[in-house]
Amino acid sequence: MELIEQYGPTFAKGLWMTVQCTLYGSALGLLLGMVIAFCSLSPYRWLKKAAALYVWLFRGTPFLIQLLIVYSGGPSIGIRLNAFAAGLLTLALFGSAYFSEIFRAGIAAINRGQIEAASCLGMSRTAIFMRIVCPPLFLTTMPMLVNTVISVLKETVVLSVIVVPELMYQIQTMAAETFAYIPAMLSMAILYWVLVEIIAQAGKRAEKHLGRYRH
Amino acid sequence: MYLQTLMEAGPVLLHASWTTLQISVLAILVGQLLGLPLAVARVTGPRYVKASIDVYVSFFRGVPLLVKILLIYYFLPGIGINVPPAVAAVLALGMASAAYVEEIYRATLSAIPTGQFEAAQMLQFSAFATWTRIVFPQALKNAVPALASEMITILKGSALVSVVGVAELTSSTEIIASENYRPMQMYLTAAAIYLLFTAVIETGSHRLEKRLSVGSR
């Protein structure tokens, strides 16, 4: 109990950092993933190959190695990032490989006729994308997207290795100072479990909300 | 330049890759040995067994791997069991994997039509023979692609074991990189080794899938 009183504020800060990393990492990953999905669906063979290679590289290597390449390896090719920026970038790169595969399947499943019909009705390309392609795309892919956001959340823990002051780092520091390792790890496990459940529930809500676009 | 660095780091990297391979294979075995019985219990067991397996699965799928590794690493000595870090690591990876393996087998087991159980009963198959000769062969076959990606997840997860001080590929690479000041080259080399392992698992699973699909409709 005293521990919670003493370390409460640092935990809150760490939690906020974790939430930020998850949100920004996922958002960047979603955008990048969408771009890669369009690359893999493009008519150019080299672009398709490049997208497939990207996905294979990022899905076939541990997140920790990717993080170390960006953070520790970056400076030797002239890219110097602080721990937070390197963490976000790696989360986005990692997430985008998974997001792009989901979008690729989702876009491929969209009825071509609807897009043709929309362009016959004189809708602009942006309008077609925003109003015809996106709603069913996000509806069908929502469960998988939520799962990937959860993976991103779970990978933020690894950022503690390069000293991003997120939840895991703060709790580990506390554990090292007080030797309360088991309570620290247990409370952390439960905290992350709760966070994951919150995201899963939010995903279900979003799915319901998008459900009105179902035809 | 790079070749020379690689020659110097080679023996350590090879040894570390071997450790990564051992940890991954053992964790895969633990995951299978725990996951399959859990799935059978989840499909056939009474309600309280189902509920407790659901809690186990939800917990181990909801908690980040690094937290699980540290939890088991600190927890075992806490209850008086002193094991080397590598054993705690294998146990953590294996228990985490069991939760995913259980879900995979649960899906393929529940996909087997009840008619087959009834037919087996009509033909005087014992319960044991029904499971081993009719249910498992089909369930295992259908689980191959999902199990392969689970194996890749374990392989990648083994990188986190570096945190508890097991000298596997990632931690050894970190040490080498801090000594020769070539982090980019060293980490890329490690990434290539992980990719090689991933590729082996992928090809193996494709081959197995092809061979197993011979008898199906």
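Chain identifiers are assigned alphabetically (A, B, ...) following the order of the sequence lines, protein sequences preceding nucleic acid strands; residue numbering begins at 1 within each chain.
- Using non-hydrogen atoms only and a strict 4.5 Å limit, the part of residues 59-75 of chain B facing chain A consists of F59(B), R61(B), G62(B), V63(B), P64(B), L66(B), V67(B), L70(B), L71(B), Y74(B), F75(B).
- More than 12 heavy atoms of other residues, nucleotides or ligands lie within 6.0 Å of CZ in F136(B), so this atom counts as buried by the packing criterion.
- In this structure, the portion of E197(A) lying under 4.5 Å from any heavy atom of chain B is its side chain and not its backbone.
- For residues 192-207 of chain B, heavy-atom neighbours of chain A at less than 4.5 Å comprise Y194(B), L195(B), T198(B), A199(B), E202(B), sorted by residue number.
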Full working for side-chain contact (heavy atoms from CB on, under 4.5 Å) between L68(A) and T173(B): CA-CA 10 Å; L68(A) 290 170; T173(B) 313; over 6 Å; no
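- Both the backbone and the side chain of L186(A) have a heavy atom closer than 4.5 Å to some heavy atom of chain B.
- When heavy atoms are compared at a cutoff of 4.5 Å, L64(A) approaches chain B solely by way of its side chain, counted from C-beta outward.
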Report, one line per pair, each donor and acceptor closer than 3.5 Å where one atom sits in a side chain of residues 78-86 of chain A; sequence neighbours left out.
residue	atom	partner	partner atom	Å
N82(A)	OD1	F84(A)	N	3.3
N82(A)	OD1	A85(A)	N	2.8

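- Here the side chains of L160(B) and V157(A) are not in contact, with every heavy-atom distance at 4.5 Å or above.
- If you tally non-hydrogen atom pairs under 4.5 Å between each of T61(A), V196(A), T156(A) and chain B, the highest count goes to T61(A).
- In this structure, I65(A) CD1 and E174(B) CD are separated by 7.5 Å, a value rounded to the nearest 0.5 Å.
- More than 12 non-hydrogen atoms from other residues, nucleotides or ligands lie less than 6.0 angstrom from NZ of K50(B).
- At a heavy-atom cut-off of under 4.5 Å, chain A is reached by no residue from residues 11-41 of chain B.
- If you measure heavy-atom distances from S160(A) to chain B, the contacts under 4.5 Å come from the side chain alone.
- Within the 4.5 angstrom heavy-atom criterion, only side-chain atoms of S162(B), from C-beta onward, approach chain A.
- The two atoms that bring P62(A) and A159(B) nearest to each other are CB-CB, 3.5 Å, heavy atoms only.
- Residue L191(A) does not touch chain B at all, counting heavy-atom pairs closer than 4.5 Å.
- In terms of heavy-atom proximity, K156(B) sits nearest to R59(A) at NZ-O, 2.7 Å.
- Within the 4.5 Å cutoff, the side chain of S58(B) has heavy atoms near those of the W193(A) side chain.
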